[in-house]
K.L.:
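Quick one: the structure is below, and I'll ask about it shortly.
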Number of protein chains: 2
Amino acid sequence: MSKEVRTGRRSEPRQPSPHVARKRTLKRHLILESAVRAFAARGFYGTSMDDIAEELHLTRGSLYYYFRDKEEILALCHLAALEAVLDAAERVRGACLPPDETLRRLVVEHVRIQVDKFHGTALALEFDALEPKARATVVAARDRYEETLREILAEGIAAGLFRPVDPKLATFAIFGAINWIGRWYRASGPSSPEEIGTQFAEIFLDGLRAQPGAAPSGGSGQR
Amino acid sequence: MSKEVRTGRRSEPRQPSPHVARKRTLKRHLILESAVRAFAARGFYGTSMDDIAEELHLTRGSLYYYFRDKEEILALCHLAALEAVLDAAERVRGACLPPDETLRRLVVEHVRIQVDKFHGTALALEFDALEPKARATVVAARDRYEETLREILAEGIAAGLFRPVDPKLATFAIFGAINWIGRWYRASGPSSPEEIGTQFAEIFLDGLRAQPGAAPSGGSGQR
DNA sequence: CCTACCGATCGGTAGG
DNA sequence: CCTACCGATCGGTAGG
């Protein structure tokens with residue numbers, strides 16, 4: 001918060017009152033939410049600043065009071081999404097569960113965050129549109145998350161719990177399936193985010209093929 | 001205009017010579033290939049007609065001799081990709097193999113087509129940009145392909161070869177993983193399209209989890 | 001007369 | 001936070 005200098009008797013222009021700063025932060029949140037919706041629907045280049053401003057009953061120009069430019073809004077959308085899944089990954093890993101259960105929970109959490117908070121398109125936005133510096137920041141956060149997933153897979157392989165797949169390709173497959181959700185998911189559809197996450201985790205963990213020992217249809221009573 | 005006056009008994013203006021028509025068809029192919037590359041790299045809205053024309057040493061205006069507008073180009077890119085994977089699906093299904101092997105081959109073929117012929121982004125383009133009629137055509141072809149995949153899954157489930165997953169969600173998972181390839185694949189990377197397709201098929205068919213009966217690391221001599 | 005374009009510019013709209 | 005604009009660039013089309 002207030003770093004060092006008390007505002008003292010004179011209001012410094014750099015230091016708005018807490019009340020004003022809070023209002024500004026809230027508005028920034030609203031704008032980013034509107035932007036995520038628009039970007040998810042029509043992509044970065046297909047979304048105008050008017051699109052983002054419109055549903056907040058603002059005009060295009062006002063957005064530049066809150067954000068430097070369109071790219072900054074895109075970068076912050078990405079970073080918010082990545083922060084959310086990185087938090088989820090830390091929480092899930094903190095539980096110190098076996099790699100398969102860790103993976104299952106992370107997939108479910110990631111799907112839930114992606115769908116509920118980012119309209120299915122959290123990490124699927126085009127950060128190629130960002131200038132090098134902002135892109136580097138976003139890519140670094142994305143790489144941290146991908147690395148977390150690869151670690152979980154590597155641990156599972158080392159423990160003999162997972163087959164010796166290529167952790168990179170497996171990570172891309174999982175990411176792809178989750179990031180693609182935004183292209184087909186509709187809130188009015190038959191599947192809830194929880195059902196999607198649970199099914200996806202099941203497919204990635206156990207595959208489509210029935211276990212050789214399992215009965216085709218009648219329960220084997222294993223569980 | 002003098003519509004009624006025939007120019008003589010030969011050379012109808014509507015019917016160009018076969019040689020000229022062929023040249024035109026070839027040129028159209030070249031333009032579509034350029035467009036796919038550009039759309040894959042920067043998306044539909046991020047690509048200008050100049051971008052598409054540039055690498056063919058044409059000017060923007062010349063494209064309008066070959067195509068009505070930018071949307072038609074996007075629609076034809078989609079349809080070419082869908083035609084390719086639909087052909088592959090027909091070929092693979094024609095072999096009358098068990099559902100698991102059919103699925104494996106189709107995933108490998110789809111990945112190969114997607115990467116080699118469409119720069120990883122064959123079915124991942126934004127057809128929301130199309131006007132209703134063109135979009136309906138593209139969506140119909142895409143639905144036909146998705147339906148094919150769902151049928152393979154349903155047959156496998158009916159045969160007891162696949163676990164009773166939701167065929168729709170499983171199809172979306174497979175599509176997502178494949179359509180996401182364009183976001184990370186680089187020809188200079190370590191994995192060939194064939195390796196990617198093979199690994200993806202393996203992950204979807206058998207999952208990440210090691211079989212209960214299989215040895216963690218030492219070969220069981222099964223194969 | 002037709003083909004395959006070009007140079008220039010149209011009306012609109014983007015980010016800022 | 002809006003109105004009034006800018007430099008540039010967009011998709012698309014004119015005449016030759």
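Letters go in sequence order (proteins before strands), and every chain restarts at 1.
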K.L.:
Any chance the rings of A:Phe44 and B:Tyr45 have centres within less than 6.0 Å?
P.N.:
no
K.L.:
Are any of A:Tyr65's side-chain N or O atoms less than 4.0 Å away from OP1 or OP2 of D:dC1?
P.N.:
no
K.L.:
Which part of the nucleic acid does B:Phe44 contact within heavy-atom distance under 4.0 Å: base, sugar-phosphate only, or nothing?
P.N.:
nothing
K.L.:
Looking at A:Glu202 and A:Arg104, does any basic side-chain N land under 4.0 Å from a carboxylate oxygen?
P.N.:
no
K.L.:
Indicate yes or no: does A:Glu109 engage A:Arg105 in a salt bridge with an N to O separation below 4.0 Å.
P.N.:
no
K.L.:
What pairs of nitrogen or oxygen atoms, one from the protein and one from nucleotides 9-13 of chain C, lie under 3.5 Å apart?
P.N.:
{"residue": "C:dT9", "atom": "O4", "partner": "B:Arg60", "partner atom": "NH2", "Å": "2.9"}

K.L.:
Regarding A:Tyr66, tell me which of base, sugar-phosphate or nothing describes its non-hydrogen contacts under 4.0 Å with the strands shown.
P.N.:
sugar-phosphate
K.L.:
Can you tell me the distance, in whole Å, between the CG atom of B:Leu56 and the C1' atom of C:dC5?
P.N.:
14 Å
K.L.:
Who passes ring-ring contact (aromatic ring centres under 6.0 Å, His included) against A:Phe200, sequence neighbours left out?
P.N.:
none
K.L.:
Does B:Arg150 come within less than 4.0 Å of B:Glu146, counting only side-chain N to carboxylate O?
P.N.:
yes
K.L.:
Please tell me which of the listed nucleotides, C:dG15, C:dT3, D:dC1, lies nearest to the side chain of A:Ser62?
P.N.:
D:dC1
K.L.:
I want to verify a distance call: between D:dC2, C:dG15, D:dC1, whose nearest atom is closest to the A:Lys70 side chain?
P.N.:
C:dG15
K.L.:
So does B:Arg93 pair up with B:Glu151, basic N to acidic O under 4.0 Å?
P.N.:
yes
K.L.:
Is the gap between the ring centers of B:His119 and B:Phe39 under 6.0 Å?
P.N.:
no
K.L.:
With a cut-off of less than 4.0 Å, is there a side-chain N or O of B:Thr59 near OP1 or OP2 of C:dC6?
P.N.:
yes
K.L.:
Send over the distance from B:Asp50 CG to C:dC6 C1', rounded to a whole Å.
P.N.:
13 Å
K.L.:
Using atom CG of A:Asp69 as one end and atom C1' of C:dG16 as the other, report the distance to the nearest whole Å.
P.N.:
9 Å
K.L.:
From NZ of B:Lys27 over to P of C:dT3, roughly how many Å is that when rounded to an integer?
P.N.:
16 Å
K.L.:
Grab the OH-P distance between B:Tyr45 and C:dG15 for me, whole Å please.
P.N.:
13 Å
K.L.:
By the 4.0 Å heavy-atom rule, please label A:Leu58 as base, sugar-phosphate, or nothing.
P.N.:
sugar-phosphate
K.L.:
Nearest-Å distance, CE (A:Met49) to P (D:dC5)?
P.N.:
21 Å
K.L.:
Mind calculating the distance between CD1 (A:Ile31) and P (D:dC1) to the nearest angstrom?
P.N.:
8 Å
K.L.:
OH of B:Tyr64 versus P of C:dC6: gap in Å, rounded?
P.N.:
14 Å
